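On a predicted model such as this, the values are computed, not experimentally measured, just so you know. Proteins get letters first, then strands, A, B, ... in listed order; numbering begins at 1 in each.
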There are 2 protein chains.
Amino acid sequence: MQRRRPTIHEVAKVAGVSISSVSRALNGNTSNAEMVARVEAAVQQLGYVPSQVAQSLKTRHTAQVAFAMEDIGNAAYLEMVRQIQPVLRDAGYRLLLHSTGADVEDEVSVLDSLSQNYVDGLILCPLRVTGRHVAALRETAVPVIVIGLLPDDVSVDNVRADSRVGARMAVEHLYAAGARRIAFIDGPIDTVPGEARYAGYRAGLAACGLPLDDDLVEFADFQFESGRRAAREVLTRTDVDAVFGANDLIAMGTLHALRELGRTVPDDVRVVGMDDTTLAATSFPPLSSVSLGSADRGRIAAKLLLARMNGDDSPPERVTVPPSLTIRESSR
Amino acid sequence: MQRRRPTIHEVAKVAGVSISSVSRALNGNTSNAEMVARVEAAVQQLGYVPSQVAQSLKTRHTAQVAFAMEDIGNAAYLEMVRQIQPVLRDAGYRLLLHSTGADVEDEVSVLDSLSQNYVDGLILCPLRVTGRHVAALRETAVPVIVIGLLPDDVSVDNVRADSRVGARMAVEHLYAAGARRIAFIDGPIDTVPGEARYAGYRAGLAACGLPLDDDLVEFADFQFESGRRAAREVLTRTDVDAVFGANDLIAMGTLHALRELGRTVPDDVRVVGMDDTTLAATSFPPLSSVSLGSADRGRIAAKLLLARMNGDDSPPERVTVPPSLTIRESSR
DNA sequence: TTGAAAGCGGTACCAC
DNA sequence: GTGGTACCGCTTTCAA
């Protein structure tokens, strides 16, 4: 292993033709079938593979696209990846994943450098959008699609979810199922999703004519364990006949807390989660969950990016993917 | 956006020096502090970012590493990614993920082309190892680390789990807990893990003095739904007091099948899974599972690869990470 | 120290 | 149709 790779010159020598002819034959820019055959024989014999680095330098095109997100371990991003990957692969692009690790500086540096290097396009899921993000977005050398909220004055293609409406849907569904004391376990209130989901929860209560009771609300950090703790807190503190968890992990923690407290689901307490990850379908009982359309957002972003990389220069698009509720046993 | 990027020539012109000097200043190969300052000012002013493509062509070094696996959605691979990513990033490499989609052709083509292009190294998790894999492995232009089983005569660094021993541990644990009719829901028998786990299951039975009963064995495809179906099959076909699922998804499917059939866990039937993913801890009841050390394997593979890329040419290593069993309620 | 120039491995234009 | 050659943007000798 680790042998030096043959170059186009060696292929040319073996085939007894010029490098121009080799290049043409390899790229289908010749009509001489015999030439193609000779070149291919030489390629075969040498095990030649064109250097994509050299091709990129010349063609200014890397056949790579980056997807930068907070954490590849997050199920929602994972779902996006699974949608983005095939779309881009079919179009001949490799996908490069970049976990920013929730670091804003790192995110900006991805924009600054990654976006200008080695990729033909970038899909970015920013946690928060800072002034530096905006500045960097204006300077990028390649098309960028942002998944998530973006200030209105930034003219970049943008695909967003609507977790506010999604949260409201969850509350209205629980109300329709008969619940009147609907608890809410949110993520951190100082994050974009945490804040939007809380707003949606309040909107849902208002729409149903229910009062906002602070005893029914608790904040966790979008993880299973902290969700369980927060749920225990609320469940022992006040009367509850339904719990809406701000994501599926929190809802799963809630299911465990309920079980520990001897409450049954959905008879005593109904539960709804959010994100509709695979966790929801495999939990016991299967968890109702509001999907924010991660898969759709990923697919749409990929297609949008593809169009931009193909030279589409119509005005920036702003797509909002509507949420949808999947009702399973936990709230039936 | 989409402005043309400045090149080193423009920086040189603005700074009033030659491109050689710019290059030197940027790479710390000069001792003239004033020169560095002038160049940096020009860089700042122009927003210059060196083209990594051009650098790579010259230096034959891309600062990229690929990790090719079956499906990034699989929790075990995800865990590897989370370990590999930081190790490589700290060493200045970007990680490129490639989901092969369980397609052998695709896997080989990754070896053939990706390994020779655009990356300085490759970590590969092959599902099956074919003759073509072996041939491709001998030809690679960059270091490759294989995670998973590899024929002994292939001299490539190899980090492996021991799912055979892991499966045996599961069976012995279930036997010790009192089970005598231990069913096994395997993945496809023609995959490396499927085969190894089956062998481990048989070894476990033998060690416990239990007979091998074909009625107790069923094959699924490592997914939740097919695991559930296969479990139903076995559970309705014969007498069972324990089920060992070849991965956590299959075991989760088994838990659901048991519930549908009105059997309780662990009282009627004990269940053990494999891979010890986050699913195991959040399931109901929490699932006992054999960890194959995915995180460790990922970390070790990354470090091995780093060493190889740094020129380490000692004989190929073969590391085996031992399995470990985490006992939770499902088999208590 | 600094600048000129020769590549790295391709592509594509240009004469022939 | 084919081969010679000028780049792509950078690094790195080599002289000055």
Side-chain angles (χ1 to χ4, degrees), chain A residues 3-40 42-43 46-64 92 113-120 141-142, chain B residues 3-40 42-43 46-64 92 113-120 141-142:
Chain A
R3 317 185 342 259
R4 217 185 57 68
R5 315 170 33 171
T7 73
I8 197 171
H9 291 93
E10 286 149 69
V11 175
K13 190 174 300 173
V14 169
V17 297
S18 74
I19 62 165
S20 324
S21 296
V22 174
S23 176
R24 259 176 254 132
L26 258 30
N27 296 305
N29 294 323
T30 180
S31 41
N32 184 337
E34 197 229 315
M35 168 72 82
V36 173
R38 284 175 67 179
V39 169
E40 261 167 13
V43 164
L46 294 169
Y48 169 76
V49 181
S51 158
Q52 296 196 32
V53 172
Q55 285 179 322
S56 293
L57 181 59
K58 188 67 190 175
T59 62
R60 338 179 125 277
H61 171 273
T62 62
Q64 292 196 147
S113 73
L114 220 181
S115 90
Q116 304 209 25
N117 277 306
Y118 253 132
V119 294
D120 298 334
V142 298
Chain B
R3 316 184 344 258
R4 219 185 57 67
R5 318 171 30 173
T7 73
I8 197 171
H9 290 94
E10 286 148 70
V11 176
K13 191 174 300 173
V14 169
V17 298
S18 74
I19 62 166
S20 328
S21 297
V22 174
S23 175
R24 262 175 250 133
L26 258 30
N27 296 307
N29 295 322
T30 182
S31 41
N32 183 339
E34 197 229 316
M35 167 71 84
V36 173
R38 285 175 65 180
V39 169
E40 261 167 12
V43 164
L46 293 168
Y48 169 76
V49 181
S51 158
Q52 295 196 30
V53 172
Q55 284 180 321
S56 294
L57 182 58
K58 191 66 194 175
T59 61
R60 337 177 126 278
H61 173 274
T62 63
Q64 291 196 147
S113 72
L114 220 181
S115 90
Q116 304 209 25
N117 277 306
Y118 254 133
V119 294
D120 297 334
V142 297

One would report the end-axis bend of the helix from C/dT1-D/dA16 to C/dC16-D/dG1, five pairs per end and rounded to 10 degrees, as 50°
**Asked** Within the side chain of A/Arg24, is there an N or O that forms a donor-acceptor pair under 3.5 Å with the backbone of A/Asn29?
**Response** no
To the nearest 0.5 Å, atom OG1 of A/Thr7 lies from atom CG of A/Leu46 at 9.0 Å
The correct set of residues in residues 21-33 of chain A placing a heavy atom under 4.0 Å from DNA chain C is A/Ser23, A/Arg24, A/Asn27
For nucleotides 5-7 of chain C, give me every protein contact, N/O to N/O, under 3.5 Å, one pair per line with atom names.
| unit_1 | atom_1 | unit_2 | atom_2 | d |
| --- | --- | --- | --- | --- |
| C/dG7 | N2 | B/Lys58 | NZ | 2.8 |
| C/dG7 | N3 | B/Lys58 | NZ | 2.9 |

Separation between OG (B/Ser51) and CD (B/Gln55), nearest 0.5 Å, reads 7.0 Å
Measuring to OP1 and OP2 of C/dG3, would you say a side-chain N or O of B/Ser18 lies under 4.0 angstrom away?
yes
**Message:** Whether the side chain of B/Gln52 engages the backbone of A/Tyr118 through a donor-acceptor N/O pair (distance < 3.5 Å, no angle test) should be reported.
**Reply:** no
When rounded to whole Å, the CD to C1' distance for the pair A/Gln55 and D/dG9 reads 17 Å
So NZ of B/Lys58 and CG of A/Leu57: to nearest 0.5 Å the spacing works out to 11.5 Å
Side-chain N or O of A/Arg60 closer than 4.0 Å to phosphate OP1/OP2 of D/dG9:
yes
Between the NE2 atom in A/His9 and the OG atom in A/Ser18, the distance rounded to the nearest 0.5 Å is 10.0 Å
Atom CG of A/Leu57 and atom C1' of D/dT11 are separated, to the nearest Å, by 13 Å
Closest heavy-atom pair, A/Val119 versus A/Val142, reported as atoms and distance to 0.1 Å, is O-CG1, 3.3 Å
Between CD of B/Glu34 and C1' of C/dT1 the distance, given in whole Å, is 12 Å
One should read off an interatomic distance between B/Ser21 OG and B/Ile8 CD1, to the nearest 0.5 angstrom, of 9.5 Å
In terms of heavy-atom contacts, A/Ala12 and A/Val22 come closest through CA-CG2, 3.6 Å
B/Tyr118 OH to C/dG9 C1', in whole Å, measures 13 Å
All heavy atoms of B/Val39 vs all of B/Ala15, minimum pair found to be CA-CB, 4.3 Å
Closest heavy-atom pair, A/Thr30 versus A/Ala25, reported as atoms and distance to 0.1 Å, is CG2-CA, 3.7 Å
Here the distance between atom P of D/dC8 and atom CD of B/Glu10, to the nearest Å, is 11 Å
When rounded to whole Å, the CD1 to P distance for the pair B/Ile8 and C/dA4 reads 13 Å
From NE2 of B/His9 across to P of C/dG3 the rounded distance in Å is 13 Å
